[in-house]
Amino acid sequence: MTFKSNSFGNTLIAGAGPAAFAAAVQAGKGGYSNKLGLANRAGEHSEQLQEYFERNGFEVSSLFAPHLDQNLNGKTAIHYFYPSLSEVNDLWETIILCTPSHTYIEVLKELNIKNLKRAKRVVLLSPGIGSAATIIEQLALDIEVISLSAYYAATKLPAEDPFTAYTKAVKKKVYVGSRYKNSSFAHVLADFIRSIGPEAEILSSAVEAEARSITTYVHPPLFMNPVALREILREDKSVKSMYKLYPEGPISQHAIKAMNGLWKELSEVASCLGAKPINLLEFLNDDNYPVHEYTLSRNDICQFPSFSPEKQEYLLYIRYTAILIDPFSAPDENGTYFDFSKVPFAQVKRARSGKWVLPRVPLEDYHKLKLVTELAVKAGISMPVAHSLLRAFEEEAARFSQTHHASFENYIPEGREETC
């Protein structure tokens, strides 16, 4: 299928972080957008951006790691910058939300989305299970809402240049789903994703795509337990790693048991919302990072959902031990493979205000899981594993706050409704 240039139309990027800058450059430089706008919530970051644009010109930059397609590097003009979401005018046909999923409702309300009569669609760059349905229900939106399974890359703003997005990796595959069946724009968006590198597959609904983000299943059990949280919630530098076995990291029989249990709970909610549940082991292996068939047979992978919980946990544990090293790397002269699992924990940082800032992992995972449990309550679905993980996060955050006599800048504890 061939797409005309400017197929996004006038495009507004909501958010001003690394993903927003990268998406803006690809939409502009790649010829997908006509006019390009950037809008951010009022605050210190918006003020800094305004000053930067006035000094350096209204454009944003994006760079890709040397092993990625260098033709993607570049800049694009920002035709409109809104330092406050409430200032956005009725010019935009495509709105891309590059903000954490738990802020979607607030962001769309601040944008006065119902007054943006030219808006045809809202794209959710990094939603959780139920994000599109919640937006449509709470805001009574009658325009297209389209979800990606996850943001298609790993992008950051380097400390030495906080106005240039740096992409160090792209995903293997991304799924796209719209509230409308046979959406023509889903094909346009899939083409946009492919232009960056990942494969893109169109599914039958937004929730089908939302249910195919691997972090939804993996991050809470690995990073919302006391072992991981005490590495994240500490002032001194952690020397442990996110994907190593206990005591070097958080992976233990307990974390694996929670992962397997959470997958089943999330699958029940996803199924209730109309999505086909995933085969967790197959998704980990085929869509994310594989291991040798000698380690995990194709039969065990394909038959994973039919096995007993004990065998499922055993196979998941094998998978995580198999990727402690990169099983497809070439060993050095000493027979040492690349240390795949040595990924440092992101940790809390103190902001200028004196408050503490929680890292994106696991804060965004906490909020996504919280939304699913709220949907589960409405559907009468019990999620004991999910609730135990949420409690662990809340209790460790409260412990840190009490110990340091300080609050968090980006997290306010709220009461949660428990399932029966």
Side-chain angles (χ1 to χ4, degrees), residues 128-130 207-208 210-229 242-324 327 341 362 365-366 368-373 375-377 379-393 418-420:
I129 294 175
V207 71
E208 283 277 0
E210 293 164 358
R212 281 162 176 73
S213 171
I214 198 59
T215 59
T216 302
Y217 303 89
V218 168
H219 281 190
L222 293 191
F223 311 130
M224 285 168 58
N225 62 69
V227 172
L229 288 167
M242 294 174 73
Y243 294 101
K244 287 192 176 291
L245 304 184
Y246 183 84
E248 292 183 289
I251 298 177
S252 67
Q253 63 169 326
H254 312 294
I256 294 297
K257 184 180 180 68
M259 184 184 296
N260 198 50
L262 181 65
W263 161 62
K264 292 177 180 178
E265 293 178 2
L266 290 169
S267 295
E268 189 173 359
V269 177
S271 181
C272 183
L273 294 172
K276 181 182 177 182
I278 66 165
N279 173 337
L280 179 59
L281 188 61
E282 184 177 49
F283 196 56
L284 282 166
N285 189 80
D286 296 2
D287 276 54
N288 293 274
Y289 204 83
V291 299
H292 292 285
E293 189 164 351
Y294 188 76
T295 305
L296 282 176
S297 72
R298 176 50 52 179
N299 182 68
D300 278 346
I301 291 171
C302 293
Q303 297 300 317
F304 179 79
S306 67
F307 295 142
S308 69
E310 293 77 15
K311 184 167 182 178
Q312 289 171 341
E313 292 162 23
Y314 168 69
L315 293 173
L316 287 172
Y317 199 85
I318 287 175
R319 193 265 176 180
Y320 276 96
T321 59
I323 59 168
L324 291 172
S341 58
D365 306 293
Y366 166 81
K368 287 180 180 180
L369 188 57
K370 191 174 177 183
L371 171 62
V372 179
T373 60
L375 294 171
V377 168
I381 297 170
S382 178
M383 297 189 73
V385 175
H387 282 291
S388 70
L389 294 168
L390 292 171
R391 277 195 298 273
F393 180 95
E418 297 289 345
T419 53
C420 299

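Sequential numbering from 1 along the given sequence is applied to the chain's residues. Computed from heavy atoms alone, side chains included, the values below leave out hydrogens, waters and symmetry copies.
Relative orientation of the Phe393 and Tyr366 rings is parallel, given thresholds of 30° and 60° on the angle between their planes.
How far CG of Asp365 is from OG1 of Thr215: 5.5 Å, rounded to the nearest 0.5 Å. Here the CG-OH distance, from Leu280 to Tyr217, works out to 8.0 Å after rounding to the nearest 0.5 Å. Once rounded to the nearest 0.5 Å, the distance linking CD1 of Ile129 with CG of Leu273 reads 8.0 Å. The CG atom of Asp300 sits 11.5 Å away from atom OG1 of Thr295, with the distance rounded to the nearest 0.5 Å. Rounded to the nearest 0.5 angstrom, Ile301 CD1 and Asn279 CG are separated by 8.5 Å. Note that CG of Leu296 is 9.5 Å distant from CD of Glu293, once rounded to the nearest 0.5 Å.
Scored by the side-chain hydrogen bond (donor to acceptor under 3.5 Å, both in side chains) test, Lys264 finds Gln312 as partners (sequence neighbours excluded).
Using modelled atom types, one side-chain atom of Thr373 and one backbone atom of Lys370 make a donor-acceptor pair closer than 3.5 Å. With hydrogens and angles ignored, the 3.5 Å screen pairs a side-chain donor or acceptor of Glu265 with a backbone N or O of Val385. Judged by distance alone, with hydrogens and angles left aside, the side-chain atoms of Arg212 form a donor-acceptor pair with the main-chain N or O of Glu208 at under 3.5 Å. For Asn225 (side chain) and Ala392 (main-chain N/O), no donor-acceptor pair under 3.5 Å exists by modelled atom type. Checking side-chain atoms of Glu313 against main-chain N and O of Lys257 turns up no donor-acceptor pair under 3.5 Å.
Nearest heavy-atom pair, Ile256 versus Tyr317, reported as atom, atom and distance to 0.1 Å: CG1-CD1, 3.6 Å. Of all non-hydrogen atoms in Ile381 and Val269, the two that sit nearest each other are CD1-CA, 4.0 Å. Summarising the geometry of Gly130 relative to Leu371, their closest heavy-atom pair is C-CD2, 4.1 Å, with the distance given to 0.1 Å. Shortest non-hydrogen contact noted between Pro221 and Leu262 is CD-CD2, 3.7 Å.
Within the 4.5 Å cutoff, side-chain heavy atoms of Leu266 are placed close to those of Leu369. Contact annotation: the side chain of Val218 approaches that of Met259 to within less than 4.5 Å [non-hydrogen atoms, C-beta and beyond]. Using a 4.5 Å heavy-atom threshold, the side chains of Leu284 and Leu316 count as touching.
Aromatic rings of Phe283 and Trp263 (six-membered ring for Trp) have centroids beyond the 6.0 Å cut-off, not under it.
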Acceptor/donor pairs from residues 246-255 side chains to any protein atom, 3.5 angstrom cut, sequence neighbours excluded:
from	atom 1	to	atom 2	distance (Å)
Ser252	OG	His254	N	3.2
Ser252	OG	Ala255	N	3.3

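Judged as a side-chain hydrogen bond (donor to acceptor under 3.5 Å, both in side chains), the pairs with a partner in residues 280-292 (not counting sequence neighbours) are, in order, Tyr175-Asp287, Asp286-Arg298, Tyr289-Asp326.
Atom NZ of Lys244 is surrounded by more than 12 heavy atoms from other residues, nucleotides or ligands within 6.0 Å.
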Check step by step if side chain to side chain contact (heavy atoms under 4.5 Å, CB included) holds for Tyr314 and Asn260. CA-CA 10 Å; Tyr314 168 69; Asn260 198 50; over 6 Å; no
